[in-house]
K.L.:
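There's a structure below that I have some questions on.
All residue numbers in this chain count up from 1 along the given sequence. Just so it is clear, the values below take in all heavy atoms, side chains as well, and ignore hydrogens, waters and symmetry mates.
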Amino acid sequence: MTLLPKNSSLTNVQPEENGGNQLFPIFLKLNNLHTVLVGGGNVGLEKLSAILNNSNQAKVTMISRDFLPEIHELASSHEGLTIIQKSFADEDLDNAEVVIAATNDSELNSYIRQAAHDRKLLINVADKPELCDFYLASIVQKGDLKLAISTNGKSPTIAKRLKEVLSDGLPDELDITLQQMSELRNTLHGDFTDKVKKLNSVTSVLVEPKLNLNKNFIWLIWSTIILSIAIVVTALYLKEPGFKRFVTGIDPIFYYFLGAGFVFAMIDGAIGMSYGVTSTTFSLSMGIPPASASMGVHLSEIMSCGIAGWMHYRMGNINWKLFKLLVIPGIIGSVVGAYLLSSLEHYSHYTKPVVSLYTLILGIVILKKAFKITRKKSADKVKRISLLGLGGGFIDAVGGGGWGSIVLSTLIAGGRSPRFSLGTVKLSRFFVAIMGSITFITMVSSDHWQAVAGLILGSALAAPIAARISNKISTKTIMVSVAVIVILVSLKSIITFISHPIKVM
């Protein structure tokens with residue numbers, strides 16, 4: 001909430017002379033002040049909601065001849081809110097410290113304003129900027145971080161749109177950074193200058209991510225990319241003695257899988273899912289056995305996810321705490337799943353309808369969240385991240401895909417930032433794909449390396465393009481796209497299973 005007292009010297013400076021917004025922004029501790037709000041209609045409810053959303057222990061007295069039912073509901077759940085059903089009188093402001101006039105009677109609002117000024121009280125008059133001593137700003141909140149937006153009363157709509165942009169653009173994880181900085185501040189010793197130097201050193205990572213992120217991790221990324229390329233090349237030479245003949249006389253199926261891999265990776269890189277599911281479905285339709293299809297998907301994802309993960313890292317789309325919780329359990333689940341699928345190829349048919357039903361529900365949840373204005377608080381976020389990574393890695397290996405559909409969908413449905421979740425899921429998928437691929441290579445003997453090679457090259461070409469596209473797409477677009485693809489793919493899988501049920505021998 002921003003205030004400007006009428007008797008302040010700042011009121012003597014006219015906006016026309018100096019230009020710009022002349023308001024002085026401050027934050028009030030409304031929990032310690034007594035606010036009198038006159039008006040019990042829609043405008044009064046809007047003002048009351050703004051107060052309680054920011055200061056839920058605020059002491060507010062509402063005065064009106066009539067009240068909306070919603071106001072009575074708020075009064076029952078907020079001890080500090082008192083409603084008095086009567087006409088306004090001057091003495092109602094005797095114990096007030098802040099006043100808000102929100103009636104539909106302009107003459108009454110002017111009368112309340114005069115009564116407030118007679119008592120030297122600050123007042124906000126709804127929809128009348130020229131009568132206000134202060135405005136109620138649009139608020140963006142991420143935990144303890146709170147930003148107030150003011151357009152000097154010129155356009156509440158612009159303030160609302162800016163609020164939506166900042167709310168979507170600023171990650172919820174900023175509050176974690178804020179709490180960690182508070183803990184660091186409490187540990188600092190020395191004089192003020194020493195503390196400032198230390199904090200400057202720590203916070204420089206926020207503006208120089210390329211120089212200050214963990215250099216060991218950068219080396220790990222590049223080393224693993226080189227290792228992944230070596231794994232793919234070695235697999236081609238060891239598993240296909242006629243690989244050189246294949247290169248000189250390319251089978252047309254290579255080009256089919258090259259184009260399919262490019263298209264599927266473009267979609268997956270932009271929204272973080274569907275590559276495994278779509279690639280596996282395409283492979284099976286081309287006559288590739290389930291284990292070979294899953295192996296091809298994992299081998300191709302090594303390079304595509306490595307490139308995409310690196311691009312997301314460079315663009316600052318990685319939540320490192322989330323990454324650590326996902327990657328190790330994901331690797332374990334992937335290795336176990338790859339081993340089971342290689343041993344029992346029919347295993348994926350039993351898990352697929354269950355996974356499809358789960359992802360269908362998640363798709364519906366995400367679609368609802370995409371069109372819902374309010375966001376869930378961080379307390380609603382998914383807590384068992386490691387268990388999610390373990391299950392996602394296992395089902396991904398067994399079913400030939402599902403890491404993005406399960407892990408990313410669950411994270412977004414649980415209230416996490418779509419863009420940071422996307423980058424983190426892509427980077428962790430890189431390591432999961434490596435270990436799953438090694439397991440498949442040691443267990444599966446395949447005669448379909450031309451299809452695998454096509455997927456590898458097509459997905460690798462699409463990865464850097466798709467990663468940049470994802471950084472340009474709005475949060476709502478990502479969420480809607482994720483929901484639609486998950487719902488369609490899940491429904492297709494469920495319908496196919498119902499139409500062609502597995503016969504128990």
K.L.:
Check whether any side-chain N or O of N109 sits under 3.5 Å from a backbone N or O of V125 as a donor-acceptor pair, and report yes or no.
P.N.:
no

K.L.:
Would you say the side-chain atoms of N32 and K59 include a donor-acceptor pair closer than 3.5 Å?
P.N.:
no

K.L.:
What's the spacing between L52 CG and L30 CG if we round to 0.5 Å?
P.N.:
9.5 Å

K.L.:
Do T61 and I83 come close enough that some side-chain heavy atom pair is under 4.5 Å?
P.N.:
no

K.L.:
According to the interplanar angle, ranging from 0 to 90°, do the rings of W320 and F323 count as parallel (below 30°), tilted (30 to 60°) or perpendicular (above 60°)?
P.N.:
perpendicular

K.L.:
Do you know which two heavy atoms are closest between F67 and Q85, and how far apart they sit?
P.N.:
CE1-CA, 3.8 Å

K.L.:
Check whether any side-chain heavy atom of V38 lies under 4.5 Å from a side-chain heavy atom of D92, and answer yes or no.
P.N.:
no

K.L.:
Looking at R113 and I123, would you say the former's side chain and the latter's main chain have a donor-acceptor pair under 3.5 Å?
P.N.:
no

K.L.:
Which distance, rounded to the nearest 0.5 Å, do you find between the CD1 of I318 and the OG of S428?
P.N.:
8.5 Å

K.L.:
Can you tell me if T424 uses its side chain to pair, donor with acceptor, with the backbone of N319 under 3.5 Å?
P.N.:
yes

K.L.:
Looking at L388 and L411, what are the two nearest heavy atoms and their distance?
P.N.:
CD2-CD2, 4.0 Å

K.L.:
For residues D133 and H117, report the shortest heavy-atom separation together with the two atoms involved.
P.N.:
OD2-NE2, 2.9 Å

K.L.:
Give me the atom names and distance for the closest heavy-atom approach of G436 to S334.
P.N.:
CA-OG, 3.4 Å

K.L.:
Under 3.5 Å, side chain of S55 to main-chain N/O of Q57, donor-acceptor pair present?
P.N.:
no

K.L.:
Rounded to the nearest 0.5 Å, how far does OG of S76 lie from CG of L81?
P.N.:
9.0 Å

K.L.:
Scan V98, V99, T35, L136 and name whichever one has a side-chain contact (heavy atoms from CB on, under 4.5 Å) with N124.
P.N.:
L136

K.L.:
Considering non-hydrogen atoms only, spot the tightest contact between M62 and G40 and give its length.
P.N.:
CE-CA, 4.3 Å

K.L.:
Check whether any side-chain heavy atom of F88 sits under 4.5 Å from a side-chain heavy atom of L93, and report yes or no.
P.N.:
yes

K.L.:
Using 0.5 Å steps for rounding, measure from the CD atom of E97 to the NE2 atom of H34.
P.N.:
8.0 Å

